[in-house]
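Beneath this line is the structure, given in structure tokens, with notes to follow.
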There are 2 protein chains.
Amino acid sequence: MKQNNIIRPTEAELKILQILWISGPSTVRYVNDILNEKKDVGYTTTLKIMQIMTKKGFVERNKEKRTHIYKVVISEKETKNLLMNKFLDTTFGGSAAKLVMQALGNHKTHKEELKKIKDLIKKIEENE
Amino acid sequence: MKQNNIIRPTEAELKILQILWISGPSTVRYVNDILNEKKDVGYTTTLKIMQIMTKKGFVERNKEKRTHIYKVVISEKETKNLLMNKFLDTTFGGSAAKLVMQALGNHKTHKEELKKIKDLIKKIEENE
DNA sequence: AAATATATACGAATATATTCGTAGATGCAA
DNA sequence: TTGCATCTACGAATATATTCGTATATATTT
């Protein structure tokens, strides 16, 4: 499980990681198509980024066939947690509560989601 | 009130904004000292960034005295909201609830803060 | 089989952000 | 008043990220 301690995907990399986390192992073509739904990106651009991610160890690829298949190998939860910590730190001085308040205060949140959050709070309180 | 629509501070800029939001109008020297508590940064580096921010309209400076005083002119709340939306979008597919759950699940949160959050949730529910 | 489409590899151009050196002005202390 | 400290201005070096063109290989279509 040798892994470089510093998981710090760039923006472009993160966009691709999202797609791979949602869709599972994919080809460059597939990822590029999805990306292009939002904004034009050259095929070789996507390819290049995915090659860089391979070098960084974020993804692995199956080269058996001519068309390679890329698979994420870093944990979605862990990665998001790292990103969140960084974001918390740089934007909310490390206070999760502040962030939560701002997030809840400024976005439509569904009933079931609110319920989930309430349940979570209850659980946290019980474990005090 | 002509202002460029795209408020998108870089990391270095954000660090400085934080200091200015907390401390109010400050000199480059002051900001640089604070920055150096965490990591060595050359004085002229800080100066340069603050000059760039001036050009971008994030801050204004009082040049009356030889030592200029810099003051933030973009709203803390609004800026953080923009940053959060971007973060939400790129990291949690736009779901504030997911972000909140992850934030609460992974960080120590104080009682009073939890209470504030609960109150906020109540308020949101009432306004449905 | 030849033409066309689609892959990867990779260097290099471009864009953006960060860092710092140096010059010149101004203040201050000996 | 001379010299040292501290300030701004600004160009330029460096670092990092993104984008893409071109070469080459392999598959697919006609």
Side-chain angles (χ1 to χ4, degrees), chain A residues 4-20 25-71 79 83 86-87 90-91, chain B residues 4-20 25-71 79 83 86-87 90-91:
Chain A
N4 214 321
N5 224 345
I6 315 142
I7 300 175
R8 232 242 206 184
T10 66
E11 297 239 327
E13 286 168 355
L14 198 52
K15 280 184 197 151
I16 293 174
L17 285 172
Q18 301 282 19
I19 294 170
L20 292 177
S26 312
T27 64
V28 175
R29 173 64 59 196
Y30 175 79
V31 170
N32 186 246
D33 284 351
I34 304 277
L35 288 177
N36 273 275
E37 286 171 6
K38 291 219 167 176
K39 180 173 162 285
D40 278 12
V41 192
Y43 176 85
T44 53
T45 302
T46 304
L47 170 66
K48 179 70 163 193
I49 305 263
M50 291 176 80
Q51 285 171 339
I52 290 171
M53 283 199 287
T54 306
K55 224 184 231 169
K56 289 188 182 172
F58 297 169
V59 301
E60 275 173 7
R61 63 182 162 176
N62 183 327
K63 300 171 77 169
E64 276 169 31
K65 303 246 174 74
R66 180 168 85 109
T67 303
H68 299 174
I69 310 276
Y70 289 75
K71 178 181 88 178
T79 305
L83 290 170
K86 196 173 90 57
F87 182 68
T90 56
T91 309
Chain B
N4 216 324
N5 224 346
I6 316 142
I7 301 177
R8 233 245 206 181
T10 65
E11 297 238 328
E13 287 168 355
L14 198 52
K15 279 184 200 152
I16 292 174
L17 286 172
Q18 300 283 19
I19 294 170
L20 292 177
S26 313
T27 63
V28 175
R29 174 63 57 195
Y30 175 79
V31 170
N32 186 247
D33 283 351
I34 303 278
L35 288 177
N36 274 276
E37 286 172 8
K38 290 218 168 175
K39 182 173 160 285
D40 279 12
V41 193
Y43 177 85
T44 53
T45 302
T46 304
L47 171 67
K48 179 70 161 195
I49 305 263
M50 291 176 80
Q51 286 171 339
I52 290 170
M53 284 199 286
T54 305
K55 224 184 231 169
K56 290 187 181 172
F58 296 170
V59 301
E60 276 173 5
R61 63 181 162 179
N62 184 327
K63 299 171 77 169
E64 278 170 30
K65 303 246 174 74
R66 183 169 84 108
T67 303
H68 299 173
I69 309 274
Y70 290 76
K71 179 180 87 179
T79 305
L83 291 170
K86 195 172 93 55
F87 181 69
T90 56
T91 310

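Separating the CZ atom in F58(B) from the CD1 atom in I16(B) is a distance of 11.5 Å, to the nearest 0.5 Å. Atom CD in E64(B) sits 9.5 Å away from atom CD1 in I69(B) (nearest 0.5 Å). A distance of 8.5 Å separates CD in E11(A) from OG1 in T91(B), rounded to the nearest 0.5 Å. Going from atom NE2 of H68(A) over to atom OG1 of T54(A) covers 10.0 Å, rounded to the nearest 0.5 Å. One finds the CD1 atom of I34(A) at 10.0 Å from the CG atom of L20(A) (value rounded to the nearest 0.5 Å).
Of the listed nucleotides (dC10(D), dT8(C), dA9(C)), dA9(C) has the atom at the smallest distance from the side chain of K63(A).
Distance OH (Y43(A)) to C1' (dT6(C)): 7 Å, rounded to an integer number of Å. For the pair R61(A) CZ and dA7(C) C1', the interatomic distance rounds to 12 Å; values are reported in whole Å. Separating the NZ atom of K65(A) from the P atom of dA27(D) is a distance of 11 Å, rounded to the nearest angstrom. Atom CG in N32(B) sits roughly 13 Å away from atom C1' in dT6(D) (whole-Å rounding). For the pair H68(A) NE2 and dA27(D) P, the computed distance is 11 Å after rounding to whole Å.
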Identify each donor-acceptor pair in which a side-chain atom of residues 36-52 of chain A lies under 3.5 Å from a protein atom, sequence neighbours left out, and give them as a table.
from   : atom 1 : to     : atom 2 : distance (Å)
N36(A) : OD1    : V41(A) : N      : 3.0
N36(A) : ND2    : N32(A) : O      : 2.7
N36(A) : ND2    : N32(A) : OD1    : 3.2
N36(A) : ND2    : V41(A) : O      : 3.1
T46(A) : OG1    : N32(A) : ND2    : 2.6

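At dT6(D), none of the side-chain N or O atoms of R29(B) fall inside 4.0 Å of OP1 or OP2 (strictly under the cut-off). Between Q51(A) and dC10(C) there is no side-chain polar atom (N or O) within less than 4.0 angstrom of OP1 or OP2.
Nearest heavy-atom pair, E13(A) versus R8(A), reported as atom, atom and distance to 0.1 Å: OE1-O, 4.3 Å. Between L14(A) and L83(A) the shortest heavy-atom distance is CD1-CD1, 3.7 Å.
Side-chain contact between K71(B) and N62(B) is absent, with no heavy-atom pair separated by less than 4.5 Å.
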Under 3.5 Å, N/O pairs linking protein and nucleotides 24-29 of chain C:
from    : atom 1 : to     : atom 2 : distance (Å)
dT26(C) : O2     : R66(B) : NH1    : 3.2

What pairs of nitrogen or oxygen atoms, one from the protein and one from nucleotides 14-20 of chain C, lie under 3.5 Å apart?
from    : atom 1 : to     : atom 2 : distance (Å)
dT18(C) : OP1    : A12(B) : N      : 3.3
dT18(C) : OP2    : T10(B) : OG1    : 2.6
dC20(C) : OP2    : G42(B) : N      : 3.3
dC20(C) : OP2    : T45(B) : OG1    : 3.4

